[in-house]
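Working notes, beginning with the structure itself.
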Amino acid sequence: MRTDIKKEHKDLYQPTAADFTEVDVPAMTYLAIDGHGDPNTSPAYATAIQALYAGAYAIRSAFKKRTGDDFVVGPLEGLWTSADNSAFVTRDKGEWDWTMMIPLPDAVSSQDIVDGLGRAARKKPELPIDALKELPLSEGRSLQILHVGTYNDEAPTLARLHDEVMPRLGLTWNGPHHEIYLSDPRRVAPEKMKTVLRQPVRPESE
């Protein structure tokens, strides 16, 4: 049996590009690593991504050894925060804090994660495997849209979300800005890259 989280949760990973839609995101578990600064210029960011993938594939091996089942390693995802939410619209990337993540299937156990990361640390001692962590996340009510184009072209869409869509619906932030990277920038032209932009929300009155 082979699990593919993108196929199991099509509503979360295949949104429309036409407009923001509302989804109820269930509790999920991720393999994650934290950092700060411009992802385009930070050596720590590149190293963190390498560690994340090394850890995810080692966890898959541990899971397969324990159960005989397999899963597709999920897409790279990111939680982005800043002391000033306008930094996302102005693209002031030096002010960003990030948590980069890969989603794990529900059947993966904490012991699979421990065993996998131990194996990854032995195999890739030059990577910060010890900085990886198991991250449970419950986003719940969220607005999301499929963005097609470069990362820098996200600004107008996010400005519309913050300044028009959320105020019209009487909603405010209820968690970090969340991006899901469906395209490999090494293989897809920048103008064709697909990214899910997600924002957990709650009523302003709460």
Side-chain angles (χ1 to χ4, degrees), residues 1-14 23-39 42-82 96-142 144 174-187 195-200:
M1 182 177 176
R2 195 167 193 240
T3 302
D4 186 339
I5 203 163
K6 289 192 296 183
K7 292 180 179 179
E8 286 192 344
H9 296 284
K10 289 183 178 180
D11 59 326
L12 304 182
Y13 290 94
Q14 297 180 24
V23 291
D24 185 11
V25 184
M28 298 177 67
T29 300
Y30 297 84
L31 181 66
I33 188 168
D34 298 325
H36 174 81
D38 188 340
S42 170
Y45 178 85
T47 304
I49 300 305
Q50 293 178 48
L52 197 56
Y53 276 104
Y57 278 99
I59 290 168
R60 186 179 75 169
S61 294
F63 172 76
K64 191 172 183 178
K65 181 178 180 180
R66 178 177 66 85
T67 66
D69 293 331
D70 195 7
F71 64 85
V72 176
V73 172
L76 180 67
E77 307 191 23
L79 301 178
W80 301 87
T81 58
S82 174
W96 295 356
D97 293 308
W98 42 263
T99 297
M100 304 311 297
M101 318 183 294
I102 291 177
L104 299 173
D106 292 340
V108 171
S109 69
S110 292
Q111 191 59 50
D112 293 331
I113 296 173
V114 170
D115 293 345
L117 294 184
R119 176 179 176 179
R122 293 190 295 273
K123 190 173 181 181
K124 297 284 186 178
E126 73 279 9
L127 295 177
I129 302 296
D130 60 345
L132 299 174
K133 62 182 180 180
E134 179 181 355
L135 177 65
L137 189 62
S138 298
E139 292 180 300
R141 187 181 184 184
S142 301
Q144 64 178 31
N174 193 35
H177 171 66
H178 187 163
E179 297 192 352
I180 301 169
Y181 307 103
L182 301 178
S183 302
D184 185 341
R186 298 170 299 178
R187 297 176 179 152
T195 307
V196 179
L197 307 180
R198 179 186 298 161
Q199 180 57 58

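Residues Val25 and His178 have side chains not in contact (no heavy-atom distance under 4.5 Å, counting atoms from C-beta outward). Side-chain contact between Thr29 and Val108 is absent, with no heavy-atom pair separated by less than 4.5 Å. Contact annotation: the side chain of Leu12 never approaches that of Ser142 to less than 4.5 Å [non-hydrogen atoms, C-beta and beyond].
Here the shortest heavy-atom pairing between Leu132 and Ala51 reads CD1-O, 3.4 Å. Gly74 and Ile102 make their closest contact through O-CG2, 3.8 Å (heavy atoms, listed as atom of the first residue, atom of the second, distance). Of all heavy-atom pairs spanning Pro75 and Pro103, the tightest one is O-CD, 3.2 Å. Of all heavy-atom pairs spanning Ala32 and Thr99, the tightest one is CB-CG2, 3.8 Å.
Taking CG from Leu104 and OH from Tyr30, the interatomic distance works out to 9.5 Å, rounded to the nearest 0.5 Å. Of the inter-residue distances, the one linking Leu197 atom CG with Gln144 atom CD reads 9.0 Å to the nearest 0.5 angstrom. Rounding to the nearest 0.5 Å gives a distance of 9.5 Å between CG of Leu31 and CG of Leu135.
For Tyr45, the ring-ring contact (aromatic ring centres under 6.0 Å, His included) partners at least two apart in sequence or on another chain are Trp98. Contacts of Pro176 classified as side-chain contact (heavy atoms from CB on, under 4.5 Å), with partners at least two apart in sequence or in another chain: Leu79, Thr81. For Tyr13, the side-chain hydrogen bond (donor to acceptor under 3.5 Å, both in side chains) partners are Glu77, not counting sequence neighbours. Every side-chain hydrogen bond (donor to acceptor under 3.5 Å, both in side chains) that Gln111 has, sequence neighbours left out, goes to Asp115. Listed by chain and residue number, Asp184 satisfy the side-chain hydrogen bond (donor to acceptor under 3.5 Å, both in side chains) test with Arg186 (two or more places apart in sequence, or in another chain). Listed by chain and residue number, nothing satisfies the salt bridge (charged side-chain N to carboxylate O under 4.0 Å, His left out) test with Arg119 (two or more places apart in sequence, or in another chain). Qualifying salt bridge (charged side-chain N to carboxylate O under 4.0 Å, His left out) partners for Lys133, counting only residues two or more places apart in sequence or in other chains: Asp34. Qualifying side-chain hydrogen bond (donor to acceptor under 3.5 Å, both in side chains) partners for Glu134, counting only residues two or more places apart in sequence or in other chains: Ser110.
Within the 3.5 Å criterion, the main-chain N or O of Trp96 finds a donor-acceptor partner in the side chain of His36. Between the side chain of Gln199 and the backbone N or O of Gly175, at least one donor-acceptor pair lies under 3.5 Å.
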Listed pairs under 3.5 Å, donor-acceptor, residues 61-68 side chains, sequence neighbours left out:
from  : atom 1 : to     : atom 2 : distance (Å)
Ser61 : OG     : Tyr57  : O      : 3.2
Arg66 : NE     : Asp112 : OD1    : 2.8
Arg66 : NE     : Asp112 : OD2    : 3.1
Arg66 : NH2    : Ala107 : O      : 3.1
Arg66 : NH2    : Asp112 : OD2    : 2.8
Thr67 : OG1    : Phe63  : O      : 2.8
Thr67 : OG1    : Asp69  : N      : 3.0

Contacts table for residues 121-130: side-chain donor-acceptor under 3.5 angstrom, sequence neighbours left out:
from   : atom 1 : to     : atom 2 : distance (Å)
Arg122 : NH1    : Gly118 : O      : 3.3

Could you pull out every donor-acceptor pair under 3.5 Å between side chains of residues 3-11 and any protein atom, sequence neighbours left out?
from : atom 1 : to   : atom 2 : distance (Å)
Asp4 : OD1    : Lys6 : N      : 3.1

